[in-house]
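First the structure, in the form of structure tokens, and then the observations on it.
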2 protein chains.
Amino acid sequence: MARTTPQTHGEILAAAARRFAATGYRGTSLQDIATEVGCSKAAVLYHFAHKEAILTELMAPAIEVLRSLDSRIAGQPEPAAAQQVAAEGFVDLAVRFRSEIALLRGEYPELLQQPGFAHIQQISERLIDALAGRSERASDRITALVLLAGIAETCGQFADVSDRELGDALLALLRRALQPPTR
Amino acid sequence: MARTTPQTHGEILAAAARRFAATGYRGTSLQDIATEVGCSKAAVLYHFAHKEAILTELMAPAIEVLRSLDSRIAGQPEPAAAQQVAAEGFVDLAVRFRSEIALLRGEYPELLQQPGFAHIQQISERLIDALAGRSERASDRITALVLLAGIAETCGQFADVSDRELGDALLALLRRALQPPTR
DNA sequence: CACTAATCTGACCGATCGGTCAGCCTCTGA
DNA sequence: TCAGAGGCTGACCGATCGGTCAGATTAGTG
């Protein structure tokens, strides 16, 4: 039967977020989402053109913040300043959107190649470059990549930690781990 | 036609390693592997009981080393010593088996729940505990988990870096990032 | 009332997946 | 020479996937 109120769109989004977080994007079928909402799979595809569109809409706010961080970093001519902006901005992003980031669950490589996410990869590279203090040394780039990937991969697991505490811990970790760019 | 030499088993393993590294475990079908080898899908399933058996055999050496590291850590009564053993052992493991670790590519959660890998999760938890200096503080556990996940997730991407250089960089990162357990 | 547009359903589609099976080669040893 | 074992193939299976489609139901509007 048709819903009395047309709020199904939002319910689908919420259900998809729960399922993606539990079993990943690829591990969640449209039928899973439909079952959780209590509607048919066809209803899900009535509200969203395809499966990827659900993910795109879920990630939109986080991507918008990531974009603005990217341009803020680009505006820093000094490597040390860019590094600090990148560290603080990324930690803030990871903490605020940890549930959104978590639901990607290691499926970045495939998902980032889809048309809607092509630019994310370039932003990530610039973020790593800034975190590495714009250094070309292998050890600096390894450090930056390990920290970025580690935070992205784990931030969703600390649901029981407050934003404040998680952010402080991550920022302190970055400060300890990142070499000052000039030395 | 039948192969003149029965070396197909090894060829399948090598092909599977390449495909898993390129597109992940779930992203690789038995047909993909068969095509790369140049045999039929049925031939793959003649040499391996099921798809998971290929992965199990590929990971066996790394898992064996991980196990021995786990027991070495367990034999350290002092948190500081356990932390050092865990850091050095894990870096050595990540560097030596980086290609094997890489081919899991973020599919840990699902794969570790399969029967053949059940104990890996417990070992991981003990490893994190040791890296965190056996501390209960949230910040220590966050640090340990971020570093562990970051290294596991990225070590396969540094194919152009020598074992020595990668190991030194990772170990230096761990030393900088890990708080001394007593303070 | 009639008409329209939005919402939703069940049935269906083609593709792909991991896995099974009967049987065909080829080699080896008695 | 021939039986048997190891190695392998093509055809096939049931399940599941994302996605399509015609039509039913509902709510709003004149």
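Letters A, B, ... mirror the listed sequences (proteins, then strands); counts begin at 1.
Under the rule for a salt bridge (Lys or Arg N to Asp or Glu O under 4.0 Å), the partners of A/R96 that lie at least two apart in sequence or sit in another chain are A/D92.
Proximity of residues 23-32 of chain A to DNA chain D (heavy atom under 4.0 angstrom from any strand atom) is restricted to A/T28, A/S29, A/L30.
Separating the CD atom of B/E52 from the C1' atom of C/dG19 is a distance of 14 Å, rounded to the nearest angstrom. Atom C1' of nucleotide D/dG7 and atom CZ of B/F48 are separated by 14 Å, given to the nearest angstrom. For B/L45 and D/dA11, the CG to P distance is 17 Å, given to the nearest whole Å. Across the protein-nucleic acid pair, A/Q7 atom CD and D/dT26 atom P stand 18 Å apart, rounded to whole Å.
Side-chain N/O atoms of B/K51 and base N/O atoms of C/dG19 include no donor-acceptor pair closer than 3.5 Å.
For the pair A/A42 and B/A42, both in contact range of DNA chain D, the more 5′-proximal nearest nucleotide belongs to B/A42. Each of A/K41 and A/Y46 lies near DNA chain C, and the nucleotide nearest A/Y46 is the one positioned closer to the 5' end.
For the residue pair B/Q121 / B/E125, no side-chain donor-acceptor distance below 3.5 Å is found, with atom types taken as modelled. For the 3.5 Å distance criterion, the side chains of A/E64 and A/S68 fail to qualify, holding no donor opposite an acceptor.
Tested against B/V91 for a side-chain contact (heavy atoms from CB on, under 4.5 Å), the candidates B/L171, B/L166, B/L173 yield a single pass: B/L171.
The A/H47 side chain lies nearest to C/dC8 when the options are D/dG10, C/dC8, C/dG18.
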